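Every chain is numbered from 1, with letters handed out A, B, ... down the list of sequences. This structure is a prediction, so every number in the text was calculated from the model and none was measured.
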Amino acid sequence: MDKTCPGLKEAVAEIPDGAVVMIGGFGGSGAPIELIHTLIDAGPKNLTVINNNAGNGKIGIAAMIDAGMVAKMICSFPKSSDPRAFTDRYMAGEIELELVPQGTLAERIRAGGAGIPAFYTPSSYGTELAEGKPVAEFDGRPYVQERWLKADYALIKAELADPYGNLTYRMAARNFNPLMAAAAEKTIVQAHKIVPAGDIEPEQVITPGIFVDKIVEVADAKQEEELIRAGVTYD
Amino acid sequence: MDKTCPGLKEAVAEIPDGAVVMIGGFGGSGAPIELIHTLIDAGPKNLTVINNNAGNGKIGIAAMIDAGMVAKMICSFPKSSDPRAFTDRYMAGEIELELVPQGTLAERIRAGGAGIPAFYTPSSYGTELAEGKPVAEFDGRPYVQERWLKADYALIKAELADPYGNLTYRMAARNFNPLMAAAAEKTIVQAHKIVPAGDIEPEQVITPGIFVDKIVEVADAKQEEELIRAGVTYD
Amino acid sequence: MTDVKLSNAQIAWRAAQDIEDGAYVNLGIGFPEMVAQYTVEGREAIFHTENGVLNFGPAPKPGEEDWDLINAGKKAVTLKPGAAFFHHADSFGMVRGGHLDVAILGALQVAQNGDLANWRVGNKGVPAVGGAMDLVHGAKRVAVITDHVTKKGDPKLVDSCTFPLTGVGCVTRVYTSLAVVDIEDGHFVLREKLPQLSMDELRAVTGAELHLDGDVGELIVPEL
Amino acid sequence: MTDVKLSNAQIAWRAAQDIEDGAYVNLGIGFPEMVAQYTVEGREAIFHTENGVLNFGPAPKPGEEDWDLINAGKKAVTLKPGAAFFHHADSFGMVRGGHLDVAILGALQVAQNGDLANWRVGNKGVPAVGGAMDLVHGAKRVAVITDHVTKKGDPKLVDSCTFPLTGVGCVTRVYTSLAVVDIEDGHFVLREKLPQLSMDELRAVTGAELHLDGDVGELIVPEL
């Protein structure tokens, strides 16, 4: 079995207009910048994007928004050091926002991958973010019912990958990546390095290959935060 | 911070009569035999034990049952190559059984650790194991509501531990151990080896120390399956 | 009726022919494990076991077992390159989450609407369910391999199950000692039968109507 | 009223004094992060951050940042020996599951029943919630550090919150620039106040009744 893919272009080519796309990362940590920028080149429209944030500066998800590809963001924190791209579109009513508490976002994605259609959480109970959601009491305490979150595609950044799609992540770049890999119909990975099967210790695999569809090696991947601090613009 | 404990006796001494105790392992793989046998010596009564199985042969959980310590088993598969201990007590009406599908058992324990009081699963829908449980439809498909499962104590077998309680597991001995570590009020670990803080790579930690209370090094731990095949009896 | 029927090995062989290259497969404990021996040359299947291993291989030689490396039936297995370990919640997330391509299970009874009974004969003795109720949900294809009739000769393909259910409407294909039967829209649809067997003979040992949908193929299996 | 009040550093110092040895602590983004600087000599706190790190340390020197090693505020941090990484669902499992000993958060308003408002002033602009709604649930102790009044001088300790809520009945202690106040049975209970401040002065800037339960301690904090 060999899930490696010759290039970034081939990896994202199939993503169609209207797709729901989970994008890994928390801020710049674990953000698959090269996959995102290749997706902008491919140019599908009317996407729903799921990420903790909503882009920063003029690269990555912010550049997707600037390119007019994003119809809806599902995220917990659509602010950043330079949130102009999302803010402008949002204030102009040109992009829809589903705001989800961060832990609920993570758990909804985890539930999507694990076949749990709904669960109860204390988070957001009694707040405006719980409005319209079913509430139930367990052991005398009120909880909000939340639904799973799935996607057509996930774009993921990994450290090591083997041809079976087994993945490891670098430090806190793990964040949402393993959850999204499991919750998407198709998971596309940019890995720092593709190693032969067996080179990742089975005990050290974080994302088992069953969740992964395509892997591209991007040995010289950029770190989003560094690009933003350098004032880089995607074009 | 140092969670190491000088000996097995000290580690389990506080477990009182009536406690709910999760015991890691799947069959003999990952079963904390030395902690279990020390608990038998300590002798608390009227325990509820949560494990995938219900003991095998004349050691481990089977020996706990033979010792009359177990009032109730919560498990998915109370059968084994030598299920006499549980079978005798069960047929005599001397032990209560809560039978839970294996995936639901795992998810209920995971929910207990993660603060999710209830969730929906397709498993057991339409079967006698779903009787009396709430049912709901999501996206046109019926699901059964299941509740979290927590415990007062978890007895866990790990491969490496550091003084903060960070753990790794050996191969498939992982199974229920990390889930139970998170779902118990107090988690007591027997580790093959205690290493200095920093010796377990932060990316390779499977159970973060926040879930762990006490660690005992048991360098020469026995593997339950090997004991059973050798016909060993605990006494 | 003739005495002709497939052996368990032959049923397992037939089921193995439908496993696509690259498929993620869970084989139930016992008889279904035999399917792994007949994977088609040139195709690679990745086997999943509920206790948290992906891409495990066959049993080790006697004496070389490592009892921390077992499958859901608690038999010792080996690892292939590219294996992964994970905990039980992640393992059943794979199952329920629809990530397995095929689950192949044994059966006491299968009903024409896809209901499966395979965990308990009645309400005597110690009940034990294991992972069966999870495995019947989530895999893209849930197949059953079974003798066509019980040891007593009673049909195992039935109108509706009389034994306690494992899952409702979950089975999509049944490989028996006599036939290959799909379950579609609440009906058994016969796909293949042993060529030596007449339709009447097959219907006589089947407990529910066998629908036809185009040609019935010949169930031809090598000597094993 | 006198102009005397604690600086942010002094509020953070006071909050840090209540962190027990061996406590697992989450500090909210911004001002609460300052608490980490004042952990009590001889005690060890283990800091958790929502994006999946346990036992992280202070910021690295400028120029030595690794931007894959950040906290929930997206600031670069360092690791201490005994650190661990995990994914976001496991991280919030720690939060909701009651595994943290203390969460210390900022506030726009805290109500006498423990309601907290700290994520949004009104309904203008882009709303952003992050992990606040999760952090207020699950930690054994949810504390707030805040100026006693807003920049305009309005009370932040109130009868009931007028800003959108972050969580209901979740706060158990408030460290302000003037006082330490517990929340018990739907009431503010004054534990400590600046000695220079009279009860009347304190009540004048507090938006709900301040109950007394025994002696009120003196809130004495070093120069920082």
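- Only the side chain of B:K3 comes within contact range of chain D, with at least one heavy atom under 4.5 Å from a heavy atom of that chain.
- Crowding of B:K133 atom NZ: a count of heavy atoms from other residues, nucleotides or ligands under 6.0 Å exceeding 12.
- Using a 4.5 Å cut-off between heavy atoms, D:D21 does not touch chain B at all.
- A pairwise comparison of heavy atoms in B:A182 and D:H99 identifies O-CE1, 2.9 Å as the closest pair.
- Between the CE atom of B:M1 and the CZ atom of D:R43 there is a distance of 13.0 Å, given to the nearest 0.5 Å.
- Within a 6.0 Å radius of OH in B:Y125, no more than 12 heavy atoms belonging to other residues, nucleotides or ligands are found.
- Residues D:L54 and B:V205 are not in side-chain contact: their nearest non-hydrogen atoms beyond the backbone lie 4.5 Å or more apart.
- Panel note: side chain D:H48, backbone B:I210; no donor-acceptor pair is recorded below 3.5 Å.
- Of all heavy-atom pairs between D:A84 and B:N166, the closest is CB-OD1, 3.7 Å.
- Under a cut-off of 6.0 angstrom, the local environment of CD in B:E185 is sparse, with at most 12 non-hydrogen atoms contributed by other residues, nucleotides or ligands.
- More than 12 heavy atoms of other residues, nucleotides or ligands sit less than 6.0 Å from atom NZ of B:K45.
- Side-chain contact between B:E201 and D:F85 is absent, with no heavy-atom pair separated by less than 4.5 Å.
- The structure places NZ of D:K80 at 7.0 Å from OH of B:Y164, a figure rounded to the nearest 0.5 Å.
- A donor-acceptor contact shorter than 3.5 Å is absent between the side chain of B:D162 and the backbone of D:G82.
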